[in-house]
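All remarks here apply to the structure that follows.
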There are 2 protein chains.
Amino acid sequence: MQEPTFLILTALAAGPQHGYGMITDVQEISAGRVRLRAGTLYAALDRLQAENLIAVDREEIVDGRVRRYYRLTEEGGARLAAEAERLRRHAEAATARLRARLAGGALSSHALRNRPLDGKTPFRRGLAGGAA
Amino acid sequence: MQEPTFLILTALAAGPQHGYGMITDVQEISAGRVRLRAGTLYAALDRLQAENLIAVDREEIVDGRVRRYYRLTEEGGARLAAEAERLRRHAEAATARLRARLAGGALSSHALRNRPLDGKTPFRRGLAGGAA
DNA sequence: TTCCCATATAAAGATGATCGATATATAAAG
DNA sequence: CTTTATATATCGATCATCTTTATATGGGAA
């Protein structure tokens with residue numbers, strides 16, 4: 001599941017919301033980092049509905065326009081929980097490795113014996129050794 | 001950044017590795033949940049190299065074949081750290097909202113007044129109210 | 001020999017995101 | 001009154017990335 005999709009489900013986890021509200025909500029959730037576009041949102045809503053992760057909660061007419069509220073389905077809630085847990089684990093794995101790296105741990109095995117190239121080496125893919 | 005890309009960087013955070021090794025490493029990191037395909041991996045390696053997030057560390061010839069080791073660049077390490085933090089926050093936001101939801105908090109405002117539709121309601125997009 | 005494993009590459013197809021444009025009702029500004 | 005802004009939903013083209021599938025190769029196993 002990609003980020004926008006995840007954030008849409010997260011927005012709905014707080015209770016039913018309509019499209020425009022989600023756009024602003026997602027911006028808050030992500031501390032302003034993710035700006036959901038209308039095109040992205042409504043396409044995603046269709047997809048999520050087809051996957052039965054969200055459903056139309058109700059519709060209101062405001063100023064003559066439809067305002068459609070969506071909500072998480074049970075399946076959607078479960079899915080979001082699973083995704084959140086997956087993200088948490090991935091983030092944890094990455095930070096653990098980064099910490100070990102800074103502590104010099106990751107460099108103990110071979111990296112210390114073989115100094116890294118400095119990126120200046122000219123390099124043609126597929127023609128490395130010319131072996132055989 | 002998508003999941004496979006993130007996991008590739010995470011694999012490299014533990015020290016330089018070659019393609020095939022990353023495939024198995026990613027499987028471990030994700031507890032068997034993510035199986036990186038060769039096509040995904042090598043395309044991603046090219047991309048990440050072009051973005052200067054990884055670099056070729058060295059090459060070895062094993063059994064007549066090239067075994068190319070990649071490593072994280074400094075930029076790549078910083079990027080991975082930033083991404084991990086982003087994931088952590090997103091996961092946190094989602095679980096917080098899910099918790100509030102289970103506690104009934106999210107349902108207090110309008111959802112209790114307006115019972116959700118049960119999904120059986122026939123629904124034609126764009127023809128909702130017919131207002132105006 | 002034939003098959004599998006480790007390893008790298010390439011190309012086609014699918015999915016989902018982005019960007020940009022369109023539409024409409026109300027309200028505010030000129 | 002006309003223009004512009006705001007809130008809201010929809011559509012289409014394009015792009016980025018992932019998946020699937022196929023190909024190549026050397027060594028070891030059946």
Side-chain angles (χ1 to χ4, degrees), chain A residues 1-9 11 16-27 30 33-51 53-54 56-70 83 123-132, chain B residues 1-9 11 16-27 30 33-51 53-54 56-70 83 123-132:
Chain A
M1 178 181 301
Q2 284 188 257
E3 195 177 45
T5 305
F6 180 85
L7 292 172
I8 289 168
L9 293 183
Q17 272 209 93
H18 56 101
Y20 206 84
M22 293 181 222
I23 290 181
T24 58
D25 201 16
V26 160
Q27 238 180 111
S30 70
R33 260 169 263 96
V34 180
R35 182 157 318 206
L36 202 55
R37 303 314 176 93
T40 305
L41 174 67
Y42 291 104
L45 290 179
D46 282 350
R47 237 187 315 118
L48 291 171
Q49 212 178 347
E51 287 179 63
L53 299 182
I54 66 174
V56 174
D57 187 70
R58 68 188 188 280
E59 295 180 352
E60 288 174 2
I61 306 295
V62 178
D63 290 339
R65 261 157 284 121
V66 184
R67 183 185 282 178
R68 191 144 46 234
Y69 284 80
Y70 290 88
E83 281 292 325
F123 186 75
R124 252 312 267 136
R125 197 182 218 193
L127 296 178
Chain B
M1 178 181 301
Q2 280 186 256
E3 195 178 46
T5 306
F6 179 85
L7 292 172
I8 289 168
L9 293 184
Q17 271 208 95
H18 57 101
Y20 207 83
M22 293 181 222
I23 290 180
T24 58
D25 201 17
V26 161
Q27 238 180 111
S30 70
R33 261 171 261 96
V34 180
R35 181 158 317 206
L36 202 55
R37 302 315 177 94
T40 306
L41 174 66
Y42 292 104
L45 290 178
D46 282 349
R47 240 186 311 121
L48 292 171
Q49 211 178 347
E51 285 178 65
L53 299 183
I54 66 174
V56 173
D57 187 71
R58 68 185 187 282
E59 295 181 353
E60 289 173 2
I61 307 294
V62 177
D63 290 338
R65 262 158 281 122
V66 185
R67 184 186 279 180
R68 190 143 48 233
Y69 284 80
Y70 291 89
E83 281 293 322
F123 186 74
R124 255 307 270 136
R125 199 184 216 190
L127 295 177

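Each chain gets a letter, A, B and so on, in the order the sequences are listed, and its residues count up from 1. Everything numeric in this text was worked out from a predicted model, so none of it was measured. Computed from heavy atoms alone, side chains included, the values below leave out hydrogens, waters and symmetry copies.
When the P atom of D/dT8 is taken as reference, atom CD1 of A/Ile23 falls 9 Å away, rounded to whole Å. Atom CG in A/Leu53 sits about 11 Å away from atom P in C/dG16, given to the nearest Å. Remark: C1' of D/dA9 and CD of A/Gln17 are 16 Å apart, rounded to the nearest angstrom. The CD1 atom of B/Ile61 sits 12 Å away from the C1' atom of D/dG26 (whole-angstrom rounding). Protein atom CG of A/Asp46 is 12 Å distant from nucleotide atom P of D/dA9, rounded to whole Å. Protein atom OH of B/Tyr70 is 6 Å distant from nucleotide atom P of C/dT9, rounded to whole Å. Taking atom CZ of residue A/Arg67 and atom C1' of nucleotide C/dT24, one finds them 15 Å apart after rounding to whole Å. Separating the CG atom of B/Asp63 from the C1' atom of D/dG27 is a distance of 6 Å, rounded to the nearest angstrom.
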Polar atoms only, N or O, under 3.5 Å: list the protein pairs with nucleotides 1-5 of chain C and their distances.
none

Polar atoms only, N or O, under 3.5 Å: list the protein pairs with nucleotides 15-19 of chain D and their distances.
| unit_1 | atom_1 | unit_2 | atom_2 | d |
| --- | --- | --- | --- | --- |
| D/dT17 | O3' | B/Gln2 | OE1 | 3.1 |
| D/dC18 | OP1 | B/Thr5 | OG1 | 2.6 |
| D/dC18 | OP2 | B/Arg47 | NH2 | 2.3 |
| D/dT19 | OP2 | B/Thr40 | OG1 | 2.7 |

If you apply the rule side-chain contact (heavy atoms from CB on, under 4.5 Å), what do you find for B/Gln49 with B/Tyr70, and how did you get there? CA-CA 9 Å; B/Gln49 211 178 347; B/Tyr70 291 89; 3.8 Å; yes

Evaluate the criterion side-chain contact (heavy atoms from CB on, under 4.5 Å) for residue pair B/Leu9 and B/Met1; output intermediate values, then yes/no. CA-CA 11 Å; B/Leu9 293 184; B/Met1 178 181 301; 3.8 Å; yes

Please lay out, stage by stage, how A/Leu7 and A/Leu36 fare under the test side-chain contact (heavy atoms from CB on, under 4.5 Å). CA-CA 9 Å; A/Leu7 292 172; A/Leu36 202 55; over 6 Å; no

Verify side-chain contact (heavy atoms from CB on, under 4.5 Å) between B/Arg47 and B/Thr5, making sure each step is shown before the conclusion. CA-CA 10 Å; B/Arg47 240 186 311 121; B/Thr5 306; 3.7 Å; yes

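The structure places CD of B/Glu3 at 11.0 Å from CD1 of B/Ile8, a figure rounded to the nearest 0.5 Å. Taking CG from A/Leu45 and NE2 from A/His18, the interatomic distance works out to 12.0 Å, rounded to the nearest 0.5 Å. Rounding to the nearest 0.5 Å places OG1 of B/Thr40 at 10.0 Å from CD of B/Gln2. To the nearest 0.5 angstrom, B/Arg68 atom CZ is 9.5 Å from B/Ile61 atom CD1.
Nearest heavy-atom pair, A/Ala11 versus A/Gln17, reported as atom, atom and distance to 0.1 Å: O-NE2, 3.7 Å.
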For DNA chain C, just give me the dot-bracket, please: Watson-Crick or G-U, both distances below 3.5 Å, ( ) intra-strand, [ ] crossing earlier pairs, | paired with another strand, . unpaired. ||||||||||||||||||||||||||||||

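For A/Arg33, the side chain to side chain contact (heavy atoms under 4.5 Å, CB included) partners two or more places apart in sequence, or in a different chain, are A/Ser30, A/Ala31, B/Arg86, B/Arg89. Applying the side chain to side chain contact (heavy atoms under 4.5 Å, CB included) test to B/Gln27 and every residue at least two apart in sequence or in another chain returns B/Arg35.
Contact between the side-chain N/O atoms of B/Tyr42 and the OP1/OP2 oxygens of C/dT9 is not found at any separation under 4.0 Å.
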